[in-house]
Amino acid sequence: MSISTSELLNLRVDLSDALSWRAAQTPRFIRIFQNNKNSTHGAASVRCATNTEHMWLEGVETPKTKSFSAMSYDETTQIASFTVTDVALWQVGDLFHILGDPAALQIVSLSGTTLNAKIIANNGSNTSLDEYETSAGGVLVFDSRPIQEGSAQGEDLFRQSTVESNFTQIFRGDVELTGTAQAVRQAGFENDVAVQLQYATDAIIRRMNAALLFGVKTRRSATAPGAMGGLYYYGTQPDGLARPQVGAPALSMNMINLAAQDITDAGCVPDTILCGAGQAQVVSTFMASQVNIPQGASTVGTHVEQFVTSAGGAVMRVVVEPSLPDTDVWALDSRGLSLLPLIGRALHTEPASTPGVDGKRAILIGEYTAEFKNAKQAFCRISGLKPSALVLA
């Protein structure tokens, strides 16, 4: 990007492309964020927030299940009766299985909090229903609803999405060149407009990155500026996914696999491990005993960039965030993360020179918010870990 001193200090210059490019290159959390584009008659346009409170619809499709607290089995009729909270959304004829067992069951009748079913296919199961009778309960997993040809019957798939929101936050930086700085010609580039612009953009990226991690969602008022919430705000909500550790154990492959499985079971796809530099080294040690160094190697060090989970073989990239607490690691589905400017307020320069002052000044300013879609299903925090320095010692 080539911007002259005259342009920077006297005109409004759009820096949104420069921000996107530099954010994508920085080794920080912000590079995970994307701006999914809208299609307008075949042409792509950048999505923008249209209000200082930006809202979105949660769109996760969780598996359809019923928890049962008790079960009885009638040997004569070979009917199993499951006690559930309610029988809503399930109908006679629906096929399901008990979590952990392959036998296929079909509902024969429903009433109140009782679901009656019979086995229609053993499917290689080694368990008979009468053995469940003394169990403490379990989970029924809906499989399908067979539909008769020519009928008007069907499965009600309508689901009212919940709404979540975040507020916009203003990010501002100043670029100033004194008259002397503009006039001198010497070694170095501190008096170069493009270099000063690069420094200021990088500083704003760091501020944005911190807000994306630790920001607290704050509604603007006459006394408080608006602020956007970050990963810790949305990712630590009640009923969200979490794997707190007891006794400060070292990070293990099993912990990551379990967190990834939690995300998968909730209906999302784990694709990212977010950790600090120290815990990234711990992840790298998982395979240390199997790393072979060729005799002619001239590079030292190991870094794991991908982690294949036992949760269906999901491939997760390892992203290092230096600001993350060393005792935390996050498993994420990053598809719901987006960074959006308020419409007409993408990062840009504005002239701000004061008449009579020996020098020229411009401000860099932009207003942004972040989407954390499906936070309660897409993010799982592994906390209470042993400090990486102690693990690596």
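Quantities reported herein were computed from a predicted structural model and do not represent experimental measurements. Counting from 1, the numbers follow the sequence of the chain as shown.
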### Query
Step by step, would you call R206 with I30 a side chain to side chain contact (heavy atoms under 4.5 Å, CB included)?
CA-CA 9 Å; R206 288 193 293 271; I30 193 173; over 6 Å; no

### Task
Report the C-alpha separation of Q261 and D265 in whole Å, then their side-chain angles, then the decisive distance to 0.1 Å, and conclude whether the side-chain hydrogen bond (donor to acceptor under 3.5 Å, both in side chains) test is met.
CA-CA 6 Å; Q261 187 65 58; D265 291 344; 2.8 Å; yes

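Although no hydrogens or angles enter the test, the distance criterion places no donor-acceptor pair under 3.5 Å between the side chain of N374 and the main chain of Q377. Checking side-chain atoms of R335 against main-chain N and O of C268 turns up no donor-acceptor pair under 3.5 Å. Distance alone, capped at 3.5 Å, places no donor-acceptor pair between the T285 side chain and the V283 backbone. Put simply, the side chain of D328 never gets that close to the backbone of S383: no donor and acceptor are under 3.5 Å apart. With hydrogens and angles disregarded, a donor-acceptor distance shorter than 3.5 Å links the side chain of E321 to the backbone of S323. At least one donor-acceptor pair under 3.5 Å links the side chain of N209 to the backbone N or O of F29. Judged by distance alone, the side chain of Q279 and the main-chain N or O of D326 form a donor-acceptor pair under 3.5 Å. For the pair H54 (side chain) and E371 (backbone), a donor-acceptor distance under 3.5 Å is absent.
One side chain, R317 or T272, offers a donor N or O that lies under 3.5 Å from an acceptor on the other.
Between R219 and E53 a salt bridge is recorded (basic side-chain N to carboxylate O distance below 4.0 Å). The existence of a salt bridge linking D202 and R22 is confirmed by a sub-4.0 Å separation between a basic side-chain nitrogen and an acidic carboxylate oxygen. Salt bridge annotation for E367-R172: absent, with no cationic side-chain nitrogen under 4.0 angstrom from a carboxylate oxygen. Ion pairing between D86 and K66 holds under the 4.0 Å rule for side-chain N and carboxylate O.
In this structure, K217 satisfies the cation-pi test against F167, with its NZ or CZ atom closer than 6.0 Å to the six-membered ring centre and inside 45 degrees of the ring normal.
For the pair P249 and M255, the tightest heavy-atom approach, listed with the atom from each and the gap, is CG-CE, 3.5 Å. Here the closest heavy-atom approach between residue V282 and residue L251 is recorded as CG1-O, 3.9 Å. Residue T264 comes nearest to P270 through the heavy atom pair OG1-CD, 3.4 Å, listed as atom of the first residue, atom of the second, then distance. Summarising the geometry of L241 relative to F379, their closest heavy-atom pair is CB-O, 3.3 Å, with the distance given to 0.1 Å. Closest of all the heavy-atom pairs between I204 and G173 is CD1-N, 4.0 Å. Counting all heavy atoms, side chain and backbone alike, C380 lies closest to R243 at SG-CG, 3.9 Å.
For I343, the CD1 atom sits in a loose shell: 12 or fewer heavy atoms of surrounding residues, nucleotides or ligands are nearer than 6.0 Å.
Atom-to-atom distance recorded for L364:CG and D174:CG is 8.5 Å, nearest 0.5 angstrom.
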Going by atom type alone, with no hydrogens or angles, which donor-acceptor pairs under 3.5 Å involve a side-chain atom of residues 92-109 and a protein atom two or more places apart or on another chain?
residue: D94; atom: OD1; partner: R145; partner atom: NE; Å: 2.6
residue: D94; atom: OD2; partner: Q91; partner atom: N; Å: 2.7
residue: D94; atom: OD2; partner: R145; partner atom: NH2; Å: 2.9
residue: H97; atom: ND1; partner: D143; partner atom: OD1; Å: 2.9
residue: H97; atom: ND1; partner: D143; partner atom: OD2; Å: 3.1
residue: D101; atom: OD1; partner: S125; partner atom: OG; Å: 2.9
residue: D101; atom: OD2; partner: A103; partner atom: N; Å: 3.1
residue: D101; atom: OD2; partner: S125; partner atom: OG; Å: 3.0
residue: Q106; atom: NE2; partner: G93; partner atom: O; Å: 2.9
residue: S109; atom: OG; partner: N116; partner atom: ND2; Å: 2.8

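Taking the six-membered ring for Trp and the full ring otherwise, F372 and F33 have centroids separated by under 6.0 Å.
Its side chain within the 4.5 Å cluster rule, V308 clusters with V315 among the Ile, Leu, Val, Met, Phe, Trp and Tyr residues.
In this structure, Y234 and W56 have tilted ring planes: the angle between them lies in the 30° to 60° band.
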